[in-house]
Amino acid sequence: MMTLTTINTLRTKLEAARFAAAREGRSLKVALVPTMGYLHEGHASLLRKARAENDLVVLSIFVNPIQFGPGEDFERYPRNPEQDLALAEKEGVDLVFLPEVEEMYPAPTRTQIKVSGLTELLCGASRPGHFDGVTTVVGKLLHIVGPDRAYFGQKDAQQVAVITQMVQDLNWNVEIVPCPIVREQDGLALSSRNVYLSTEERQAALVLSRNLLEVQAGSQAEEVLTASTLREQLRKNISLEPLAVIDYVEVVSFPGLEPLGPEERVDDQGQDGDILVAVAVKFGSTRLIDNVILTKKVNV
Ligand code: AMP
């Protein structure tokens with residue numbers, strides 16, 4: 001395919017290995033930002049942070065078939081490599097790794113990475129095998145590119161927890177850097193999948209950010225708020241939107257993803273430690289996820 005930009009692209013593992021070899025012995029800090037493309041301002045924020053903190057920034061664009069379940073949107077997932085390369089160039093990316101599926105998974109492929117405990121709940125419960133696909137591809141990308149740091153969005157908070165656990169458990173020498181959620185002006189969390197939404201569905205989807213941001217603001221208020229009240233209030237408020245079909249509404253510890261006792265307080269007077277309030281909701285055929293993290297002030 002002709003590219004309109006001058007940015008360097010790598011399409012094979014061999015090219016990527018040459019890149020890795022070229023930096024051997026030079027103390028350059030390399031960042032990897034793994035994505036599935038169709039880039040937006042959320043991805044751009046990761047690239048900017050990576051650019052500010054490292055010498056070389058590698059962006060990978062790969063729609064990873066093994067993290068999609070049967071009947072999910074792998075085939076119709078939005079793709080626009082030309083636009084992505086233009087954005088990458090604008091953000092000062094040094095290299096884009098754009099492998100084909102056959103390059104990443106030459107047949108037969110028989111090995112997968114599985115993180116247990118963190119992957120069976122939340123998105124893992126509704127998308128069995130999803131996180132095995134994610135950890136396998138991220139593991140492969142980390143090995144191919146060999147970055148010092150890899151950047152991930154908190155939009156996929158469970159993914160951040162799972163990947164951090166993976167690199168810790170497997171003693172991989174890479175720092176996982178979480179980055180805040182980027183939202184549209186009206187609150188909707190940016191996602192490549194937002195293009196699927198009709199005008200009515202997009203309007204309806206605001207119910208998620210509106211309620212989650214309210215929870216975040218309210219968690220610092222004086223009233224006693226327990227995990228079960230919070231979950232039920234949120235579930236009720238989201239259900240008021242007729243187009244919203246709830247997959248899950250959960251309140252768990254972060255990054256441990258441990259369930260909270262129903263009476264456990266999630267306001268400022270509760271136990272120390274971050275709490276993840278996460279939702280997955282369908283609008284038509286589009287499943288959206290969003291979350292906020294309630295960070296406790298240490299009681300003084
Ligand atoms: P994706 O292309 O959807 O797989 O996302 C690639 C990376 O961008 C992941 O680490 C996502 O968490 C991150 N990301 C996607 N949307 C956002 C957003 N709205 N804000 C921050 N990061 C995001």
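Worth knowing before you read on, the calculation uses all heavy atoms, side chains too, and leaves out hydrogens, waters and symmetry mates. We count ligands from 1, going down the list as the structure has it; atoms in each ligand are counted the same way.
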Sidechain N-carboxylate O distance under 4.0 Å for R183, D290: yes
Side-chain donor/acceptor of D274 to backbone N/O of P255, under 3.5 Å: no
Pairing residues for R48 by the salt bridge (charged side-chain N to carboxylate O under 4.0 Å, His left out) criterion, not counting sequence neighbours: E41, E91
N64 and Y105: side chain donor to acceptor below 3.5 Å: yes
Residues which pass salt bridge (charged side-chain N to carboxylate O under 4.0 Å, His left out) with E184, listed by chain and number, not counting sequence neighbours: none
Connected hydrophobic set around I181, excluding itself, where side chains approach under 4.5 Å: none
Neighbouring residues of ligand 1, heavy-atom cut-off under 4.0 Å: P34, T35, M36, H40, G42, H43, L46, Y77, F152, G153, K155, D156, Q159, P180, I181, V182, L190
